[in-house]
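First comes the structure, then the notes that go with it.
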Amino acid sequence: MTNYLNPSKHQAQLSSQPYQRDEIQPGIVHIGVGAFHRAHQAVYLDRLLAEPEGKQWGLIGVNIRPQDSASFTRFMQQKGEYVLKTMDPKGGTEYQHIRSIMHQIDGAQVPQEVDKAIADASIQIVSSTVTEGGYYLDENQVLLEDHPAIQADIEGGRNTLYAFLYAGLKKRSETSKAKITLLCCDNLRHNGKHLQTGLMQFLAAKQDQALAQWIKDNVTFPCAMVDRITPKPSQIHVKDVQERFGMNDQMTVMGEDFIQWVIEDNFAGERPPLEKVDVQMVDKVDPYEEAKIRILNAGHTCVTYQAALKGLTYFDEAMRDAELKQYFTDFANQDAIPAIGDSIVDLPNYFSIIAARFSNANIGDTVERICTDGYAKYPIFVYPSLAGIYKLNRVPHKTLQGIAGWFVFFQKAAAGQIEMPYHEPNLDAMKAFTNDEAGIKAFTHDRFLWGNLPEDYPNFPEHLAQAIREMQATYA
Ligand code: CS2
């Protein structure tokens, strides 16, 4: 069998890598098969599978969220195949038939199947995209053991990534005993270390010293920088693909044309020859990671709530709004770039590329998507520029403005004054941030968000409160 999804028309417009599924084997288990994984990692692996040296690097896609089981069932019915549509800023559109996720396991239904896959010696890598909030670490990198999901998993539940890694690695350490690489693909600073520190604390809480020692001896956690703007999948593109190609694909994903993956070359077992498909294998990912998180992700985060306050729907509209465009430029030039300091990345050039990507009107990336999960994003994306500029003895005015935009936005969202829904999994942690002096004080002193800044720079809370008051006056 070659293709599960057969196009019945316009085949020439649909590219497909020249390999047969029955000649490839799985080498990677990936946890979190959302749109981003399908538009990014699965695409690189799809290309690699067409290379003579690439045949053992098929993917096993794993879902761990019960709420995603229904769509994952559909994905399984399609045997993990789908169409990726990419759109460049000039309107150029490409369609690729992606087939690299050769097996699929719904871990929310059959967790033991995931354990078996992770224990299998032919699997060399377990990678993950479970969002920034999916690692449950506080501002000091301490595991949130009191979080209900983590608590339940310490007692044997299956809610978080850690529970699945724990069970799978335990089985591997007792059976095949083969070395393995855990490759975090989420937007976190030092993401490999982040995963490692979370997992080791989880093992300590489970009091499993034997497994902890086995992991120290046999597992590596390379850092990686991943990048492709991938809007929330939309029925518009599903329909386009169905009509254009006459194929029954319900799982079409769409992304920008830009793609980048930079990986620290630190693999425990075999590693895929990803350099053959333009992945950058480097000694240190830090400069790439810092540039991306502090300019692209933080730029998104600092602009998006102000865009929502202006009533904008699509992020590219923000780049056509004179004030917000200037704001993003100033944020990068006055705060993000100086806070990074010297870098092997050409930061002004990197900024221009991002500004052009943000302006891509064809992808229809929504302000609503980028507003999602603010509480988890600020400490990762925005905190470094804040702290970096204070360290340079300056006031990070533009960053403070981007935080104030969020505060005013979530007050208005809570009061029902904003039409766009706010998807915030951490509303509980934000309860004290009421729309008054006490709420502003709680917000400006929140440790999870701002770490030690209020003590290290005693003017910071007042600077932020002032920025909030200005934002409130603008959007009164
Ligand atoms: C965005 C990212 O959700 C966000 O905050 O900044 O999803 C961004 O689009 C990707 O990291 C791009 O690689």
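One-based numbering, in listed order, for ligands and for the atoms of each.
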* Structure fact -> re atom 9 (O) of ligand 1, the protein heavy-atom contact at minimum distance is R369 NH2, 2.9 Å

* Please confirm whether R99 makes a cation-pi placement over Y19, using NZ or CZ under 6.0 Å from the six-membered ring centre and within 45° of the ring normal. => yes

* Are the aromatic rings of F407 and F410 close, with centres under 6.0 Å apart? -> yes

* Asked: For R228 and ligand 1, does the shortest N/O to N/O distance drop below 3.5 Å?
  -> yes

* To do: Examine R38 relative to Y82 and say whether NZ or CZ is less than 6.0 Å from the centre of the six-membered ring and inside a 45° cone about the ring axis.
  => yes

* Does the separation of the ring centres of Y383 and W450 fall below 6.0 angstrom? -> no

* Structure fact -> If you scan protein heavy atoms around atom 6 (O) of ligand 1, the nearest is H300 ND1, 2.7 Å

* Considering distance alone, does some N or O of D365 sit under 3.5 Å from an N or O of ligand 1? -> no

* Is the distance between the ring centroids of F381 and H300 under 6.0 Å? -> no

* Structure fact -> Residue, atom and distance of the protein heavy atom nearest atom 13 (O) of ligand 1 read D227 OD1, 2.6 Å

* To do: Report the nearest protein non-hydrogen atom to atom 2 (C) of ligand 1: residue, atom name, distance rounded to 0.1 Å.
  => N297 ND2, 3.5 Å

* Asked: Would the F409 and Y475 ring centres measure less than 6.0 Å apart?
  -> no

* Structure fact -> In ligand 1, the atoms that come under 4.0 Å of a heavy atom of K292 are 10 (C), 11 (O), 12 (C), 13 (O)

* To do: Please report the closest heavy-atom contact between F202 and I150, naming both atoms and the distance.
  => CE1-O, 4.3 Å

* Asked: Atoms of ligand 1 less than 4.0 Å from N187 heavy atoms?
  -> 11 (O)

* **atom 5 (O) of ligand 1 - nearest protein heavy atom and its distance** => K377 NZ, 3.0 Å

